[in-house]
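As structure tokens, the structure follows; a few thoughts come after it.
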Amino acid sequence: MPRFTLLYASTIALLLLPGALYAQAPWDVNAPITGVDRTLVEPYYVDPLNSQPYAPWIGQQYVGPEYQLEETKSYMGQSDTPINDKHRFSWDNGETWTDWTDLPPVVTWDGPHRIYWGNMATTYDPMSNKTVSIWLRQTKLYDTTYYNQSFLRTSDDYGQTWSDPQLLMYEAGADFNPLDPYNMNYLENNTAYPGQNIEIRSDGSLNFSLASANIPDAVPQSEFNPYGVTANAPADARAIGAVSIVANWNSVSGEYDTSASNVAWVPRHVSSRGLAEPTVAELNDERLLTVYRDSNSGINGNPFYEGGHKRYTLSTDGGATISDPLEWKYDDGTSFYSPSSISQLIRHSVTDKLYWVGNINLGPANGNHYRYPLVIAEVDEVNVALKKDTVTLIDDRQVGDGSYLQLSNFSILENRQTHNFEVRLTRLGEDASNTWKANAYTYILDMQPQEPPPPPVNGPVMADGTTPYAWYRADRGVSVVGGGNNSVTGWADQSGNQRDLLSVRGDPELVDDGTNVTGIEFDGMDDYFWSSAAAWGTAEAGTVFAVWKREVIEDFPASTGNVKSLYDADTYPGRQILWTGKWNGDPDTWLTAYGVGEGIGPNTVNVQPDPVGPDNWVVTAVSYKADGWINVNGQEVFAGDLESGGMDGLIVGNYLSKVTSGRGGFEGELAELVIFEGELTPEEVATIELILMSRWGLITMGPGDTNNDGVVDAADARRLAENWLKGVDGGAPEGDFNGDGLVDDLDASILAAHWGSGGEQVVPEPGVVALMAGLMLLVFVASTRRLEGRAPSRPG
């Protein structure tokens with residue numbers, strides 16, 4: 001199945017809440033508690049008869065004591081109206097499946113009345129040896145007024161067939177009679193909407209919560225709705241509460257004995273639609289925690305505006321009674337915002353930790369919106385709060401997703417073999433043109449203990465142990481669509497600083513061109529990665545290293561093919577950009593390294609004739625200072641005033657909407673991009689270039705041993721220095737380790753890479769750097785490294 005890996009850390013605040021910036025998100029700074037791997041399960045389809053798109057809706061749940069799974073599938077082209085429902089079963093944890101079987105339609109019509117009848121939360125109860133499920137019967141009279149009732153049903157064959165429904169009652173009222181389904185004594189009483197899960201308590205009883213429950217008649221309207229909020233219900237409607245249900249198996253009657261708690265509720269000016277979609281878990285001290293969705297729909301702008309939160313209740317007596325609802329907060333006492341969307345509590349069987357999965361916003365919610373990002377966090381079971389330093393991103397809105405993207409209405413289970421959490425979710429609204437052009441995905445959350453991000457391995461680490469500001473490698477941390485489609489959807493920062501490039505435009509692709517170099521290919525049209533200053537930050541003085549090659553451009557004027565320039569924000573036909581960095585303080589100035597273009601603007605800087613040409617891998621170093629100084633491969637090319645405070649945000653491959661002529665982006669491949677903040681010494685620049693060249697096989701490594709004494713040391717360095725820049729025929733004994741007839745910086749690189757060994761590759765020690773850098777820098781300002789395939793060649 002198509003799959004790609006998501007390694008999220010940063011979120012662009014402007015995408016979350018346009019027009020406002022809020023405090024930094026916890027998931028931007030936390031060490032993740034899980035890895036995330038996303039798999040495309042099924043794409044949407046379009047009905048050829050009416051061009052209507054339909055989004056697939058897929059879920060899995062365990063229905064037996066071991067590996068018995070049920071998978072359900074339906075399609076949706078309008079809200080809460082699934083069609084073509086079917087299911088299948090697996091008895092071996094998904095290794096093999098039965099054939100799909102059609103299910104009765106969930107939505108039917110009885111004249112003018114709409115009936116919804118389907119199962120919701122399901123579990124297997126070892127006390128009764130039955131599969132237990134809570135079903136919703138929703139009656140909509142004359143397509144105007146909703147009534148919800150919940151029923152308990154059991155199955156002896158893992159959900160293939162079900163018992164007669166048992167109405168769950170918490171107040172007086174008529175039972176359901178299929179011969180009189182519109183009896184108002186039935187419809188108006190015991191209203192209830194099933195919660196997200198059924199909890200098996202430590203004493204063997206079942207506990208679950210029902211929402212949309214009637215609050216007591218004794219509560220005057222002036223108390224529960226003093227402001228006359230009319231959102232989605234008549235002002236005097238009382239179905240805004242929640243009730244806890246305890247179920248115990250009665251082996252004599254062959255049914256469950258159920259009892260109900262008091263009804264908990266909040267006034268409509270706190271949550272206009274009351275408490276909804278509860279999820280329940282037993283804490284380690286046997287208290288029962290239930291978390292609810294609330295809604296500020298219809299009350300925005302009023303003095304009692306709440307902003308949108310999650311609420312919770314506690315029970316200390318096994319669910320017989322529940323507390324008044326409170327706002328659920330972080331463990332440091334601060335609030336967090338959450339839209340009116342489902343959430344789920346789930347305990348991991350290996351770590352025994354309790355987790356919460358749901359949507360958190362950086363600012364006040366707006367009713368159901370915004371239903372992104374989707375996060376997971378550990379629950380503080382003592383203080384009954386969300387551990388702020390564990391909040392980890394599962395998914396977020398990306399470039400191209402609609403503003404009303406919904407990363408909600410998910411299902412989650414723990415795989416009983418791998419012990420990973422598996423989230424199934426349809427990303428409604430991911431296509432901005434139509435909500436239902438949405439695909440179904442599975443997210444695998446590796447819940448084994450997560451270590452802090454490790455330091456880079458064999459990466460460009462400085463002599464003092466510091467790591468880059470940001471670091472991107474095409475052979476690591478690249479997310480692709482999968483299934484034969486190598487379109488890149490994200491590029492994870494390997495520095496450990498979590499500056500991931502998650503916003504992608506166009507169709508950059510992960511490629512291997514046969515030279516053992518893995519690269520990301522850009523088409524020169526609209527391919528780019530982008531991260532704003534809010535997410536990426538501002539790198540003050542620094543150096544950017546790139547391992548890259550540009551493509552042959554058949555229709556590009558030959559007269560301009562050898563021009564390398566540093567451009568400002570003006571757009572020129574034929575511009576070919578490797579990378580751009582925005583300069584803080586001047587929104588119209590962008591630094592571009594190694595562009596190829598026709599036309600010189602007022603702030604454009606010529607560099608030097610191109611010694612490389614197309615289709616050759618090169619390593620380039622661009623250094624800059626906050627006051628505008630720019631240096632390319634050791635040569636100062638610009639010393640003007642850019643009114644900058646550093647590189648503010650990052651773009652790789654293009655300049656956003658400036659490409660209007662059908663050309664203008666980087667056309668070629670990028671294997672690695674490394675950004676260091678702060679000024680580097682020439683020796684450090686030379687060393688990092690060496691490491692990059694060696695890693696990608698762009699140097700044909702020789703032994704470095706000129707005197708054949710079995711060790712590469714100072715004697716070999718002296719021999720190389722004696723013949724520096726000489727054309728020689730003697731090869732390695734004279735210091736020409738790569739056999740190109742010239743003793744130069746490439747040979748110095750080879751010697752340094754083998755220092756202290758008998759030809760074995762090692763990263764040079766700091767002392768070697770100091771010794772060799774002077775030699776390397778003699779030609780460092782004169783050329784970039786030109787390498788064809790794995791063997792280098794020099795410009796003529």
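Considering OG1 of T279 and CD of E199, their distance stands at 8.0 Å, rounded to 0.5 Å. For the atom pair NZ of K140 and CG of D110, the computed distance is 15.5 Å after rounding to the nearest 0.5 Å. In this structure, CH2 in W356 is found 16.0 Å from NZ in K387, a value given to the nearest 0.5 Å. A distance of 7.0 Å separates CD of Q196 from OG of S343, quoted to the nearest 0.5 Å. Put simply, CD1 on I412 and CZ on F421 are 5.5 Å apart, with the number rounded to the nearest 0.5 Å. Taken from CZ in R88 to OG1 in T98, the straight-line distance is 7.5 Å, to the nearest 0.5 Å.
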Q | Residue pair N248, L206: steps toward the side chain to side chain contact (heavy atoms under 4.5 Å, CB included) verdict | A | CA-CA 6 Å; N248 287 282; L206 305 182; over 6 Å; no
Q) So Y193 and L136, side chain to side chain contact (heavy atoms under 4.5 Å, CB included) or not? Walk me through it. A) CA-CA 7 Å; Y193 197 102; L136 169 67; 3.4 Å; yes
Q: Decide salt bridge (Lys or Arg N to Asp or Glu O under 4.0 Å) for K130 and E255; before the verdict, give the C-alpha distance in whole Å, the side-chain angles of both, and the deciding distance to 0.1 Å.
A: CA-CA 11 Å; K130 293 180 182 292; E255 292 184 340; over 6 Å; no
(Q) I'd like to know whether D431 forms a side chain to side chain donor-acceptor pair (under 3.5 Å) with N434, so could you lay out the CA-CA distance, the side-chain angles of the two residues, the decisive distance to 0.1 Å, and finally the verdict. (A) CA-CA 6 Å; D431 188 316; N434 192 299; over 6 Å; no
**Q.** S150 vs N148, side chain to side chain donor-acceptor pair (under 3.5 Å): CA-CA, chis, key distance, verdict
**A.** CA-CA 7 Å; S150 295; N148 299 308; over 6 Å; no
**Q.** Step-by-step side chain to side chain contact (heavy atoms under 4.5 Å, CB included) determination, F176 to Q149
**A.** CA-CA 9 Å; F176 173 67; Q149 271 77 28; over 6 Å; no
(Q) side chain to side chain donor-acceptor pair (under 3.5 Å) for Q61 and S411? Distances and angles first, verdict last. (A) CA-CA 8 Å; Q61 56 191 349; S411 63; over 6 Å; no
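Judged by distance alone, the side chains of D125 and Y256 do bring a donor and an acceptor atom under 3.5 Å apart. Looking at S259 and D257, their side chains never bring a donor and an acceptor atom within 3.5 Å of each other. If you check the side chains of Q68 and S90, you find no donor sitting under 3.5 Å from an acceptor. Of the N and O atoms on the side chains of E430 and Y441, at least one donor lies less than 3.5 Å from an acceptor on the other residue. Defined by atom type and a distance below 3.5 Å, a donor-acceptor pair is missing between the side-chain atoms of D331 and N383. Checking S341 against N359 by side-chain atom types alone, a donor-acceptor pair falls below 3.5 Å.
Between the W328 side chain and the V384 main chain, a donor and an acceptor come within less than 3.5 Å of each other. A distance-only check finds a donor-acceptor pair linking the side chain of S272 to the backbone of S297 [under 3.5 Å]. Not one N or O on the side chain of N361 forms a donor-acceptor pair closer than 3.5 Å with the backbone of P364. Checking side-chain atoms of H113 against main-chain N and O of Y142 turns up a donor-acceptor pair under 3.5 Å. At distances below 3.5 Å, at least one donor-acceptor pair connects side-chain atoms of N439 with backbone N or O atoms of Y44. Side chain of T313 to backbone of P325: no donor-acceptor contact under 3.5 angstrom is found. Here the side chain of R238 pairs a donor or acceptor atom with the backbone of P216 at under 3.5 angstrom.
Counting only heavy atoms from C-beta outward, the side chains of N207 and S244 approach each other to under 4.5 Å. L374 has its side chain within reach of V357: a pair of non-hydrogen atoms, C-beta onward, lies under 4.5 Å apart. Residues F208 and T123 are not in side-chain contact: their nearest non-hydrogen atoms beyond the backbone lie 4.5 Å or more apart. The shortest side-chain heavy-atom distance between W436 and L428 falls under the 4.5 Å cut-off. E171 places a side-chain heavy atom less than 4.5 Å from the side chain of N214. Contact of the T191 side chain with the N189 side chain is not registered, since no non-hydrogen atoms from C-beta on lie closer than 4.5 Å. Taking the side chain as every heavy atom from C-beta outward, F151 and I134 never approach each other to under 4.5 Å. Put simply, the side chain of Q406 does not reach to within 4.5 Å of the side chain of Y404, judged on heavy atoms.
Using the six-membered ring where Trp is involved, Y227 and H269 have ring planes that are perpendicular, over 60° apart on the 30 and 60° scheme. Aromatic ring pairs are classed by plane angle as parallel below 30°, tilted from 30° to 60° and perpendicular above 60°; the pair Y124 and Y158 is tilted. Ring pair Y75/Y45 is perpendicular by interplanar angle, where above 60° counts as perpendicular and below 30° as parallel. Between Y372 and Y370, the ring planes lie tilted relative to each other; the angle falls in the 30° to 60° range.
The six-membered or imidazole ring of F336 lies away from that of H309, with a centre-to-centre distance of 6.0 Å or more.
Residues passing the side chain to side chain donor-acceptor pair (under 3.5 Å) test with S205, sequence neighbours excluded: D203. E277 pairs by the side chain to side chain donor-acceptor pair (under 3.5 Å) definition with R293, not counting sequence neighbours. Every residue two or more places apart in sequence or in another chain was checked for a side chain to side chain donor-acceptor pair (under 3.5 Å) with T316, and none qualifies. A search for salt bridge (charged side-chain N to carboxylate O under 4.0 Å, His left out) contacts involving R424 returns E422, not counting sequence neighbours. With sequence neighbours left out, the salt bridge (charged side-chain N to carboxylate O under 4.0 Å, His left out) criterion links K73 to E42. Taking E282 as the reference, R201 meet the salt bridge (charged side-chain N to carboxylate O under 4.0 Å, His left out) condition, with sequence neighbours excluded.
Classification of R38 and D395 as a salt-bridged pair holds, one side-chain N sitting under 4.0 Å from a carboxylate O. A salt bridge links R347 with E381; the closest basic N to acidic carboxylate O contact falls under 4.0 Å. A salt bridge does not link D294 with R273: every distance from a Lys NZ or Arg NE/NH1/NH2 to an Asp or Glu carboxylate oxygen is 4.0 Å or more.
Taking a 6.0 Å sphere around CG of D324, one finds it holds 12 or fewer heavy atoms contributed by other residues, nucleotides or ligands. Annotation for N177: atom CG counts as buried by contact number, over 12 foreign heavy atoms lying within 6.0 Å. Within 6.0 Å of atom CE in M127, 12 or fewer heavy atoms from other residues, nucleotides or ligands are found, so the atom counts as exposed in its surroundings.
When all heavy atoms of I240 and I215 are compared, the closest pair comes out as CG1-CG2, 3.8 Å. E414 approaches Y62 most closely through the heavy-atom pair O-CE1, 3.3 Å.
Applying side-chain contact (heavy atoms from CB on, under 4.5 Å) to L283 and the options L289, L345, L288 leaves one that passes, L289.
Stacking of R311 on the aromatic ring of Y292 is not recorded, the 6.0 Å distance cut-off and the 45° axial limit not both being met.
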